[in-house]
Amino acid sequence: MVIYDSVQKTKLQLVPIKTGEVSIYVCGPTVYDDAHLGHARSALAFDVLARTLKHLGYKVTMAKNFTDIDDKIIKKAEATGKSIQEITSFYTDRYLQEMGALGVGRADIEPKATQSLEAIETMIQTLIDKGFAYRVSNGDVYFDTSKDSHYGDISHRVNENEENQSRIAHTDEKKNPKDFALWKACKGDENICFETAFSSGRPGWHIECSAMIEKHFHGTNEYSIDIHGGGADLLFPHHENEAAQSRCATGHELAKYWMHNGFVQIDGEKMSKSLGNSFFLKDALQVYDGEVLRYYLNSVHYRNDFNFNEEDLLAAKKRLDKLYRLKKRVTPSHSSAPDTAFKTALLEAMSDDLNVSMALSVIDEMVTQNNEKLDLNPKDKELKKEIVATIEFINSLLGFGGKEPFEYFQIGIDEALKNKIETLLVERTEAKKAKNFILSDAIRDELTAMGISIMDTPGGTVWEKA
RNA sequence: GGAGCUAUCGCCAAGCGGUAAGGCCGCAGCCUGCAAAGCUGCUAUCCCCGGUUCAAAUCCGGGUAGCUCCUCCA
């Protein structure tokens with residue numbers, strides 16, 4: 001397996017800390033709002049990474065955190081009158097449910113900040129004791145970036161004069177402009193305060209990830225985990241700060257490899273909280289099938305920016321349709337073993353830094369070849385079994401193609417409509433038998449107007465939702 | 001003001017120094033009562049200008065254009 005390391009900025013052969021095992025920590029959501037397409041893409045990218053590694057024979061342990069202490073959550077609570085707990089549990093459930101609709105598997109470990117306070121306090125105390133952190137008069141604790149000679153290694157930002165150019169106001173008692181809060185003391189009437197030796201307050205944004213990793217993973221003298229992932233925007237300052245904390249607190253590096261996924265844009269425009277043009281996953285799922293969304297969001301390499309638009313999504317759906325039409329041709333058949341050459345080619349593509357585009361083209365070629373074989377030999381039972389197994393393999397590796405084909409093509413069609421379609425098809429078949437093509441074509445037009453496309457096959461007429 | 005990324009067929013998108021994958025769209029054909037589906041065939045020299053090399057879309061330098069990070073963000 002080769003992966004692109006965003007710190008070294010090059011592809012590297014994955015050599016895990018422990019042979020045969022890969023530990024992954026991905027930055028999860030702050031649960032104060034609905035998940036958007038960007039969250040989906042990140043979750044999908046690392047879901048596919050985990051699946052690929054498992055297929056390559058690694059024992060994978062993946063952690064994804066839920067940030068459930070945060071200023072934004074507090075604000076939301078104040079604005080809505082709901083409790084912090086209500087908000088965080090609601091959005092956590094929603095997140096898991098929506099990602100589930102996209103076929104994203106659950107992480108092995110799903111730590112929450114509120115459940116990691118001991119580890120957080122311990123790490124901050126260690127940093128204070130070792131002289132890497134300092135407490136200011138109001139009770140805040142800051143990390144002293146000047147004490148870490150490797151600060152900047154992750155994001156390659158070395159400019160000390162940034163304080164003059166930076167848009168961040170420099171108003172507190174920080175020693176250096178880049179110092180960041182490990183702990184924020186309670187001020188006034190804020191209602192989440194946790195008691196610690198340094199002050200009553202709450203953790204800063206970055207510390208939870210470092211603390212959770214120390215708590216849940218047991219690395220070596222060199223590294224805590226193999227792969228740390230997240231969105232490209234987290235590279236700085238979030239991951240730089242995480243790395244610094246961990247390095248200084250534990251004496252070894254946080255992660256051996258760093259992976260970052262690119263952004264999602266909507267019709268060419270950046271999607272962001274501040275621009276207010278977030279495309280929520282819940283809205284997308286109302287219009288598009290989760291499996292189609294999964295296929296589409298995965299069709300562009302995870303490191304590139306992804307420009308979401310309906311036209312491309314439709315093209316992606318058509319591609320997935322083709323796979324399901326092949327599956328329809330071999331249903332029902334039992335499964336044997338997938339085509340070896342295909343399996344190898346698919347894994348090879350995925351082993352190259354998750355080259356999903358290549359994998360999809362391998363699948364398209366497989367579909368075409370098997371359609372041709374079936375055209376020539378419609379009753380080849382062994383071939384059909386192999387195709388069933390091949391599609392099962394695709395589903396386990398990439399997470400699509402697992403539905404029953406008839407179910408797939410009839411998503412959104414209720415029983416009443418289904419019956420009407422079937423009735424019309426019976427009428428049409430009779431008309432065809434009687435060579436009444438004017439009537440049969442009229443029925444087809446009626447179905448087309450209903451958004452139903454039909455196809456005559458040797459086994460009878462089948463229909464699909466267009 | 002600093003740091004970085006990208007630029008490949010009408011559209012989406014691989015390519016990672018060895019002579020341009022795949023999909024959508026389009027055209028022609030086979031099949032079909034006609035269609036649809038499926039199959040076959042056809043469709044690009046890689047933003048511009050230099051350079052390195054036997055060989056460059058791929059490396060280097062300079063342009064141009066777009067995007068991102070430095071502020072909550074995946």
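The shown structure was predicted, so the numbers you read here are calculated from the model rather than taken from an experiment.
- Comparing atom distances between the A:R428 side chain and each of B:C73, B:C34, B:A13 picks out B:C34 as nearest.
- B:C72 atom C1' lies 15 Å from atom CZ of A:F236, rounded to whole Å.
- Side-chain rings of A:F393 and A:H55 approach one another, their centers coming within less than 6.0 Å.
- Here B:G50 sits opposite B:C60 as a Watson-Crick or G-U wobble pair (both hydrogen-bonding atom distances under 3.5 Å).
- Between the CG atom of A:L37 and the C1' atom of B:C73 there is a distance of 14 Å, given to the nearest Å.
- Checked against B:A36, B:C72, B:A13, the side chain of A:M455 finds its nearest nucleotide in B:A36.
- Within 6.0 Å of CG in A:L376 there are more than 12 heavy atoms belonging to other residues, nucleotides or ligands.
- Applying the 6.0 Å contact sphere to CD of A:E348 captures no more than 12 heavy atoms from other residues, nucleotides or ligands.
- Using a 4.0 Å heavy-atom cutoff across all strands shown, A:N304 reaches sugar-phosphate atoms only and no base atom.
- Closest to the side chain of A:E365, from the set B:G22, B:C12, B:C72, is B:G22.
- Within 4.0 Å (heavy atoms only), A:K9 reaches sugar-phosphate atoms of the nucleic acid but no base atom.
- Distances were taken from every side-chain heavy atom of A:E372 (C-beta onward) to each of B:G22, B:C39, B:C70; the shortest belongs to B:C39.
- B:C67 atom P lies 21 Å from atom CG of A:L235, rounded to whole Å.
- Looking at which nucleotide of RNA chain B each of A:A232 and A:E464 is closest to, the 5′-most match is held by A:E464.
- The nucleotide whose nearest atom lies closest to any side-chain atom of A:R319 is, among B:G22, B:G38, B:C73, B:G22.
- Across the protein-nucleic acid pair, A:H238 atom NE2 and B:C72 atom C1' stand 13 Å apart, rounded to whole Å.
- When the P atom is compared between B:G23 and B:G41, the two are found 11 Å apart, to the nearest whole Å.
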**Study point:** side chain to side chain donor-acceptor pair (under 3.5 Å) assessment of A:Y95 paired with A:D34
**Key:** CA-CA 7 Å; A:Y95 177 91; A:D34 285 301; over 6 Å; no
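- The aromatic ring of A:F437 sits over the base of B:G33, with ring centres less than 5.5 Å apart and planes tilted by under 30°.
- Backbone-only contact: A:K322 has heavy atoms under 4.0 Å from sugar-phosphate atoms and none from a base.
- Residue contacts shown for A:D441 include a base, since a base heavy atom lies under 4.0 Å away.
- Phosphate contact (OP1/OP2 of B:G15, side-chain N/O of A:N355, threshold under 4.0 Å): present.
- Taking the P atoms as reference points, B:G18 lies 11 Å from B:C59, given to the whole Å.
- Residue A:I454 is in base contact, counting any heavy-atom pair closer than 4.0 Å across all strands shown.
- In summary, of the residues considered (A:D68, A:D71, A:D70), a salt bridge (Lys or Arg N to Asp or Glu O under 4.0 Å) with A:R202 occurs for A:D71 alone.
- Side-chain proximity of A:D364 to B:A21, B:A74, B:G22: nearest is B:G22.
- The shortest distance between the side-chain N/O atoms of A:W463 and the OP1/OP2 oxygens of B:A36 is not below 4.0 Å.
- B:C24 and B:G33 are spaced 30 Å apart, taking the C1' atom of each and rounding to whole Å.
- Contact annotation for A:R303: no contact, since no heavy-atom pair falls under 4.0 Å across all strands.
- At B:G23, none of the side-chain N or O atoms of A:K318 fall inside 4.0 Å of OP1 or OP2 (strictly under the cut-off).
- Taking atom P on both B:A7 and B:C42, the two are 28 Å apart, rounded to the nearest angstrom.
- The separation between A:M358 atom CE and B:G23 atom P is 13 Å, rounded to whole Å.
- Taking atom C1' on both nucleotides, B:G17 is separated from B:C60 by 13 Å, rounded to a whole Å.
- Among the atoms of the strands shown, base atoms are found under 4.0 Å from some heavy atom of A:V264.
- Comparing B:A21, B:A74, B:C12 by their nearest atom to the side chain of A:S361 picks out B:A21.
- Side-chain N/O atoms of A:H301 and base N/O atoms of B:A13 include no donor-acceptor pair closer than 3.5 Å.
- Counting only heavy atoms from C-beta on, A:R325 has its side chain closest to B:A37 among B:U68, B:A37, B:C16.
- One C1' atom belongs to B:U19, the other to B:U45, and the distance between them is 10 Å to the nearest Å.
- Base pairing of B:A21: no nucleotide in any strand meets the Watson-Crick or G-U wobble criterion (both distances under 3.5 Å).
- If you measure from atom CD of A:Q265 to atom P of B:U68, you get 6 Å, rounded to the nearest angstrom.
- Each of A:C27 and A:S357 has a nearest nucleotide on RNA chain B; the 5'-most of these lies closest to A:S357.
- Between A:F308 and A:F279, the distance separating the two ring centers is shorter than 6.0 angstrom.
- Closest to the side chain of A:V300, from the set B:A13, B:G38, B:A74, is B:A13.
- Aromatic ring centroids of A:Y296 and A:F306 lie under 6.0 Å apart.
- Remark: B:A28 base-pairs with B:U40. Criterion, Watson-Crick or G-U wobble with two distances under 3.5 Å.
- Of the candidate nucleotides B:A35, B:C39, B:G22, B:C39 has the atom nearest to the side chain of A:T368.
- Taking atom C1' in both B:A13 and B:A3, one finds a spacing of 28 Å when rounded to whole Å.
- Counted by atom type alone, A:E208 and A:T67 present one or more donor-acceptor pairs between their side chains at under 3.5 Å.
- Heavy atoms of A:G38 sit under 4.0 angstrom from at least one base atom.
- Atom-to-atom, CG of A:L439 to P of B:C34 comes out at 18 Å; the value is rounded to the nearest Å.
- Rounded to whole Å, the P atom of B:C54 lies 23 Å from the corresponding atom of B:C49.
- Counting heavy-atom neighbours within 6.0 Å of A:K76 NZ, excluding the residue itself, gives a total above 12.
- As judged by a 4.0 angstrom heavy-atom cut-off over every strand, A:D233 is placed among the base-contacting residues.
- Across every strand in view, B:C69 sits in a pair with B:G2 that passes the Watson-Crick or G-U test at under 3.5 angstrom.
- B:C12 atom C1' lies 15 Å from atom CG of A:N298, rounded to whole Å.
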